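Remember, it's a predicted structure, so these values are computed and weren't measured experimentally. Computed over heavy atoms, backbone and side chain alike; hydrogens, waters and symmetry mates excluded.
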Amino acid sequence: MRIAYVFLGAFLAIAQSAYAEVTSPPVLAPLKRQAQAAELSAQFLSRYSYKPVPLDDALSARIMDAFIKSLDPDRMLFLQTDIDRFMADRSEIDDAIERKDLKIPFAIFNAYEQRVVDRMNYARGLLKQGFDFSAQENYSVLRDKAPWPQSEAESNELWRKRVKSDWLRLKLGGKTDVAIRETLDKRYENTLERAYKFKSDDVFQSFMDAYSNSIDPHTDYFGAAASADFNVSMKLSLFGIGAVLQERDDYTTIRELVPGGPAQLSGKLAVGDRITGVGQGKDGAIKEVVGTRLDEVVQMIRGKKDSVVRLDILPADAGADGTHRVISLVRDKISLDKQAARKTVLSVKAGDATRKIGIITLPVFYEDFDAKGKGDQDYKSASRDVAKLLDELKQEKVDSVLIDLRNNGGGSLDEAIDLTGLFIGSGPVVQQRGSNGKIEVKSAEFAAPVWTGPMGVLINRGSASASEIFAAAIQDYGRGVIVGEPSFGKGTVQTVVDLDQIVRNSKPEFGELKVTIAQFFRVNGGTTQLHGVTPDISLPGLSDPTSFGETSYDNALPWAEIKPANYTPADTITTLLPTLKSRHDARVESNPDFQRLLKDIADLKAQREKGIVSLNEAERRKEAAAREKRFKDRAEAGDGEDLGDDGLEAGERSLSADIAIENARKNAKDVLLDETVAILADEAGLQEGVLRAATKEPGNTNGK
């Protein structure tokens, strides 16, 4: 096995409905290469995973359950009779994979497509009538454990409430009945159209997701498209035109132009322009892409560096029958800087002093594996970028540095180790135990730390894997204060295996597997598995730990412990923590922004636990009035604006309105970051005091 890199027949009888005359979606069938890829994956996963799971009847049942859940997570589409038919083959998937037969998952998916078509047409039919919003009835928004509808009549009643709920949200948002009918009809029509665009590879990817995740939560299968997207996310670069695209009303629309990219530099494209056709080369035929899936258009636009792509453009301000123009762009390397490390500096009052805190936000632990492997001395990586930012912050004479890892789901294990080295220099960072039980200590090997001053790490429930390795090491060494929520709890290591390379296939057909090969442990001997990293100072969070995080998986590895590594922790943070906590508690108790956040979190938790919404207009308006008053009080206090709930989904507003809302959210006051900065300012002041005390001359009582 070559490890490339490591980082964290009529299967269902569909009942005839009032919309039986509507054209059925295409019947999708498995391809030979997909059946071969499934069988090859089974061979590998059964032998080489960290905890090998045999492909047997028990795993077959888990795969079936996971596949159905992925298609109908809210149990809104299938009927109980559908599920009963599926379950007849619940223990047959293992045998079918071994004989390279994928008829079972494809039959389920074809049934799913038909149910989508049937339900969307039924929902659109409901729009012709009105609804009685004075009635006392509720709609359940948490249906993942609810029973499937027992009959079509029961399904119809469920969808009546669903459509009524959608209508009421728009009504409360100020929309007229005419506008509501138009909006919802288009919404359901878009869902309906997507059912006709599914392809065989979509079915296979969904099925292999169910299979791989049934081994463990972090084992994944990547088909060709998924593999390409994963590689882009790790390199933070691709060859293209430098435009963020969005599907809007069947058009591929320019959402954003990447600064310095071919599209922006050409001056030929603007936000809101629609791409109606794509041609390859200077004179290749232009293929119309109106109505084409966004991912397919993206693949057509991406290509080799210095190659030409031609786009047929319908300008943003033109009607559907407006004048088009054809432009030519030369593809170039595009850096996805939004995912790269970035810095800001905030000043905060701490006692009589004003402290400058340098904040480095790191969304992912990226590393361009290909460039590194080819010996490129300037390859892109998270730790290299952070090192440069730390040098800049030293020039700006900051008092402390905060590494913001909120919602950083991980990435390269090597980068987590190197990032730790920027703050500790050299020493053990993480211990790794393979499937054979052998433990390997992985260390940072820097001659000296890049930053020796006070520092801290901000984490939340979305901080996982490599983020947890870094935060745990900083905590175990006593190098900095950890602030935030308990992290995700992913304590396993994965590698990507190219299935085509395994069988020496000359062309890419079978995809890749991301396989769990080891479990990592902290230098103190514990693991972040399940428990995550517990902050030194806790902050509230909006996430639901029962549905998000390692503990939400029923097949997650258990917590474990091994011997500590040979490392020397400092006691600085432990000594300062009581004072830091008491100052934090006093500060947030009198901080109105923080107290409002706590109220929001409590309200969200209560709504989540309630699991239902009222379909009575008077009750909902009363709830909305209370919410609006709270937002109004905030606005008067200078704490942002009321974004409210207009009932619209992404893509249903104008592009400018969507962008304005997105910008407002980005610019909203970050209460948790502000408090973390205050904690680090206290830390810097306290450490400075300790340093002064330590450098006093013996017997010099006045400190001079």
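- With respect to Y188, the side chain to side chain donor-acceptor pair (under 3.5 Å) criterion is satisfied by exactly one of T183, N121, D166: D166.
- In this structure a side-chain-to-backbone donor-acceptor pair under 3.5 Å is present from S463 to L405.
- In this structure, the side chain of E256 does not engage the main chain of G242 through any donor-acceptor pair within 3.5 Å.
- Under the 4.0 Å criterion applied to side-chain N and carboxylate O atoms, R406 and D670 are assigned as salt-bridge partners.
- Taking CG from L542 and CG from N460, the interatomic distance works out to 9.5 Å, rounded to the nearest 0.5 Å.
- Looking only at distances, a side-chain donor or acceptor of R461 sits under 3.5 Å from a matching main-chain atom of S487.
- Residues D295 and R293 are paired through a salt bridge, judged by an N-O separation under 4.0 Å between the basic side chain and the carboxylate.
- Between Q80 and D84, the side chains place a donor N or O and an acceptor N or O closer than 3.5 Å (distance only, hydrogens not considered).
- Cation-pi geometry between R119 and Y122 is satisfied (NZ or CZ under 6.0 Å from the ring centre, within 45° of the ring normal).
- The side chain to side chain contact (heavy atoms under 4.5 Å, CB included) search around S266 returns K268, L329, not counting sequence neighbours.
- For K186, the NZ atom is densely surrounded, since the number of other residues' heavy atoms within 6.0 Å is greater than 12.
- A donor-acceptor contact shorter than 3.5 Å links the side chain of N408 to the backbone of L362.
- Residues N156 and E152 have side chains that never bring a donor and an acceptor to within less than 3.5 angstrom of each other.
- Taking the six-membered ring for Trp and the full ring otherwise, the centers of F204 and Y221 sit less than 6.0 Å from each other.
- Distance alone, capped at 3.5 Å, is enough to place a donor-acceptor pair between the Q205 side chain and the G223 backbone.
- Remark: side-chain polar atoms of Q607 are not paired, donor with acceptor, to backbone N or O of D603 under 3.5 angstrom.
- Under 4.0 Å is where a charged nitrogen must lie from a carboxylate oxygen, and between K199 and D202 no such pair does.
- No donor-acceptor contact under 3.5 angstrom links the side chains of R162 and S165, judged on distance only.
- Within the 3.5 Å criterion, the main-chain N or O of Q280 finds no donor-acceptor partner in the side chain of K287.
- The CG atom of D249 sits 9.0 Å away from the CD atom of E247 when rounded to the nearest 0.5 Å.
- Distance alone, capped at 3.5 Å, is enough to place a donor-acceptor pair between the R331 side chain and the I301 backbone.
- Taking a 6.0 Å sphere around CD of E182, one finds it holds 12 or fewer heavy atoms contributed by other residues, nucleotides or ligands.
- Proximity of the aromatic rings of Y112 and F109 is defined here by a centroid distance below 6.0 angstrom, and this criterion is met.
- Note on residues 138-151: pairs passing side chain to side chain donor-acceptor pair (under 3.5 Å), not counting sequence neighbours, are D72-W148.
- Residue K197 qualifies as enclosed at atom NZ: its count of foreign heavy atoms under 6.0 Å is above 12.
- Pairing each heavy atom of L31 with each of S200, the nearest pair is CG-OG, 3.8 Å.
- We find that E137 and K164 are joined by a salt bridge, their nearest charged nitrogen and carboxylate oxygen being less than 4.0 Å apart.
- In this pair, Y553 and H218 present their aromatic rings perpendicular. The plane angle is above 60°, beyond the 30 to 60° band.
- A distance-only check finds a donor-acceptor pair linking the side chain of D273 to the backbone of A316 [under 3.5 Å].
- Not a single donor-acceptor pair under 3.5 Å links the side chain of T361 to the backbone N or O of D404.
- Among residue pairs with one or both ends in residues 611-620, those qualifying as salt bridge (charged side-chain N to carboxylate O under 4.0 Å, His left out) are E617-R621; sequence neighbours excluded.
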